[in-house]
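One structure is given here, and the rest of the page talks about it.
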Protein chains: 2
Amino acid sequence: MKTLAEKDTPGEENVYGELTGHIRRVTGIEEDEARTFAVMFREKNIRKRQFVVQPDFPVPHRYYVKKGALRSYVVTEDGQEHTIAFAIEDWWITDYNAYLYRQNATMFVTALEDSVVMQLDYESEQKLKDLNPAFDRFFRIAAERGLAYQQRRVIANLTLSAEQRYLQFVRQYPALVQRVPQYALASFLGMTTEYLSKLRKKAVSADK
Amino acid sequence: MKTLAEKDTPGEENVYGELTGHIRRVTGIEEDEARTFAVMFREKNIRKRQFVVQPDFPVPHRYYVKKGALRSYVVTEDGQEHTIAFAIEDWWITDYNAYLYRQNATMFVTALEDSVVMQLDYESEQKLKDLNPAFDRFFRIAAERGLAYQQRRVIANLTLSAEQRYLQFVRQYPALVQRVPQYALASFLGMTTEYLSKLRKKAVSADK
DNA sequence: GAATTTAGTTGAACCAGTTCAACTAAATTT
DNA sequence: AAATTTAGTTGAACTGGTTCAACTAAATTC
C-alpha cells in the first residue's frame, strides 16, 4: 500500500489512467497487463464526511485515491479521535489490519472532501495474485513501502518533540498541510488541537 | 518480515529446521521448495553486544533469529537510545528502510545475548523471488505482517498512556519482558528507564 | 574475588504538553 | 442572510512523564 512517504509522479489521463500508470511505475509491467489489473477495480464517488469503513463492520476493500482526500482514524473510549493515515491522489487507504486479516474494522475511513476512489475487493485481489506473479510483486512492494513508512513514523514519535514532528511534517508534506483540517493533523501528529494552534502561531511569528 | 505480533509455533529440528518450518508455515509450500529457500541463508553466531548493523554502513542482510535475542535502536544527537524492535527465536530483524532501499543504516542492530541467526543477503533474496513466485509471496506476507504490526504500534503510541503501553506489552509478550533489559524496554515503549522503574514498582505492589 | 563497569532505583524539582473554559471565525444549513 | 454547527484560538491551571543527582545491585573484567 502506498503511503504518505512514497508518492509517485502523476500518470496519464485515460479512464484507468492514474491506476494503470501507478501500477506500471511500481511493477514495470506492460500497458495491457496493467489494464488487467485496473479492470478489477470499481470507481466510486464519496461525498465529504461519508464513511467507507466503520468499526465493527467487515472491510471488503482497499482504496486507491483518484481524486480528493480521505482520512482514517480510531476513536478511544473517552471519545478522542486519533488520525492514523491521510490519503490524497495516488495514495492508498483502508484499515489494513482488518482488510488483510479479514476482521471487522477498528477504524473509520472517511472523506475529507468529495472524492473519487478506485476500490479493490479482497477476493479480486487474491484472483489477481493467482493470475500473475507480477501482481503479487506489486502488493509486496506496496506493503514494504507501507512498512518502511510506518517504521519511520514510529521513530519520529519516539525521537521528536511535538514541535519537531509538526515542522518535519510541514517540510515533508507541504501540500497536505494546506488540505487537511487542523484537528485531524494534530491528532495525526499526536498532540491536541490547542497545542498545534499554539505551535503554528509561534512558527508563523518566527518566520516573519 | 515477522514481527513481535505474529510469532509462529516452533518447527522441527534438522539443520535448516526452524527456517524451512517457518517458510512452510507462512507460504504452505513443499519441503523441497522450502529447502531451496533455506540453502540461500548463512548461519552466523553473534556474541552478546556485537553489532550486525551500524549507522552509515550498508545493510546487506536481513536476519532470521534461530537462537537468542537481538535489538535494533536509533541514537539521537543528544545521545539517547530508542529501541525500534526486538527479535527472538523465529522472528526477523534488520534496518528495513536501509535494507529494502539499499541505503546506509540509520540504526544499530545488536545482540542482547549470544545468538545464532540465519542471514539472507539482498541479492539472494532477489534471486529467490525471480526463481519462484512463492518466495515473492513469502516476502509479501512478511511485509504485510510487519506493516499491520507497525500500524498497531503507532495506534498504541497515539492512544495509550505510558502505563497502559507497559501493561499491554507485558500482557502480549510476557516471555520477552523477562528477557530484555529494562532500559531497552523503556525506550521501546517510549518512556525513560526511571519512569518504567516506578511503574513496575507500582504494578508489583498492586498485584500483591 | 576485588575492582570496575553496567543496569536499575528512588526522590525532588521541573516542564512539555493537556485540560478546561470562554471566545472568535468560518463553513454549512435553513 | 440569519441561524446553527463545526473548526480554530487564547489563556490559566494542571499533570504525566522527564531530568538530574545520588545511590544500590548486579554483571563483567582483571
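Given the structure is predicted, the values throughout are model-derived calculations rather than measurements. All chains are named by letter (A, B, ...) in the order of the sequence lines, taking the proteins before the strands, and each is independently numbered beginning at 1.
The OG1 atom of Thr83(B) sits 8.0 Å away from atom CG of Leu185(B), with the distance rounded to the nearest 0.5 Å. A distance of 9.5 Å separates NZ in Lys66(B) from CG in Asn45(B), rounded to the nearest 0.5 Å.
One interatomic measurement links the two molecules: CG of Leu160(B) to P of dG16(D), which rounds to 15 Å at whole-angstrom precision. Distance CZ (Arg200(B)) to P (dT10(C)): 13 Å, rounded to an integer number of Å. In this entry the distance linking CG of Asp78(A) with P of dT19(C) reads 8 Å, nearest Å. Regarding Leu158(A), its CG atom lies at a distance of 11 Å from the P atom of dT18(D), rounded to whole Å. When rounded to the nearest whole Å, the span between CZ of Arg165(A) and C1' of dA16(C) equals 11 Å. The interatomic distance linking Asn157(A) (CG) with dG17(D) (C1') rounds to 16 Å, in whole Å. In this structure, Met191(B) atom CE and dG17(D) atom P are separated by 8 Å, rounded to whole Å. Across the protein-nucleic acid pair, Arg47(A) atom CZ and dT29(C) atom C1' stand 14 Å apart, rounded to whole Å.
Counting distance only, with no hydrogens placed and no angle test, the side-chain atoms of Lys198(A) and the base atoms of dG11(D) include a donor-acceptor pair under 3.5 Å.
Contact annotation: Gln182(B) side-chain N/O to dT9(C) OP1/OP2 distance is under 4.0 Å. Look at Lys48(B) and you'll find a side-chain N or O under 4.0 angstrom from OP1 or OP2 of dT28(D). Phosphate contact (OP1/OP2 of dG17(D), side-chain N/O of Thr192(B), threshold under 4.0 Å): absent.
In a base pair of the Watson-Crick type (N1 to N3 plus N6-O4 or O6-N4) or a G-U wobble (N1-O2 and O6-N3), with each distance short of 3.5 Å, dC23(C) is matched with dG8(D).
The side chain of Glu194(B) sits closest to dT19(D) out of dT28(D), dT19(D), dT10(D). In this structure, the nucleotide among dG17(C), dG8(D), dG8(C) sitting nearest to the side chain of Tyr183(B) is dG8(C). If you check dT18(C), dT10(D), dG8(C) against the side chain of Tyr195(A), the one that comes closest is dT18(C).
Contact check on Lys198(B) versus Glu163(B) returns no salt bridge, with no Lys/Arg side-chain nitrogen under 4.0 Å from an Asp/Glu carboxylate oxygen. Using a cut-off of 4.0 Å between Lys/Arg side-chain N and Asp/Glu carboxylate O, Glu113(B) and Arg179(B) are scored as salt-bridged. Salt bridge present: Glu81(B) and Arg71(B) bring a charged side-chain N and a carboxylate O closer than 4.0 Å.
Toward the 5′ end of DNA chain D lies the nearest nucleotide of Pro181(A), the other residue of the pair Pro181(A) and Ala162(B) mapping further downstream.
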